[in-house]
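Counting convention: from 1, in listed order, for ligands and their atoms alike.
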Amino acid sequence: MMKEISVKTSSRVELIDITHLVEKVVLESKIKSGLCIIYVPHTTAAVTINENADPSVRRDIIAKLNKVIPFDDNYAHLEGNAAAHIKASIIGPSETILVNGGSLVLGTWQGIYFCEFDGPRNRKVMIKIIEG
Ligand code: ZN
């Protein structure tokens with residue numbers, strides 16, 4: 001079972017909570033036990049799991065990434081978005097989450113974040129649920 005969801009981003013760098021969208025796909029699949037793979041088919045975006053309670057965590061992640069990987073740094077890539085490519089590779093294009101009892105196995109404070117590094121854009125996220 002595979003589903004594509006759309007994410008519209010509104011900033012150059014942004015973390016968007018997509019937990020509810022992924023949970024909906026799991027629910028629709030009617031699969032009670034297995035694995036949920038979340039895959040971002042882009043070179044300047046990523047997905048991560050982190051705290052969903054205090055929004056300052058998201059702000060800190062973005063601020064630190066922007067500091068460590070500045071937008072301009074004499075990069076060779078002429079498109080002007082080298083920083084976005086580097087951030088996307090560091091965070092990574094996928095996450096795998098256990099499915100149990102028909103829902104995602106996430107800790108109390110965990111949320112799934114789509115990471116935009118070269119927005120604003122219309123993005124896709126692929127979700128595959130494997131029963132087992
Ligand atoms: Zn590029």
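- Inter-residue side-chain proximity for I129 and V26 is flagged as met; some heavy-atom pair is nearer than 4.5 Å.
- Taking the charged nitrogens against the carboxylate oxygens, K3 and E28 do have a contact shorter than 4.0 Å, which makes a salt bridge.
- With F71 as the aromatic partner, K87 meets the cation-pi criteria of under 6.0 angstrom to the ring centre and within 45 degrees of the ring axis.
- Within the 4.5 Å cutoff, no side-chain heavy atoms of Y113 are placed close to those of I61.
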Let me have the donor-acceptor pairs involving side chains of residues 93-112, under 3.5 Å, with sequence neighbours excluded, atom names and distances please.
unit_1 : atom_1 : unit_2 : atom_2 : d
Q110   : OE1    : G107   : N      : 2.8

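- Between M2 atom CE and I127 atom CD1 the span is 10.5 Å, to the nearest 0.5 Å.
- Annotation: protein N, O or S atoms under 2.8 Å of the Zn ion (ligand 1) (waters excluded) comprise H77 NE2, E79 OE1, N81 OD1, H85 NE2.
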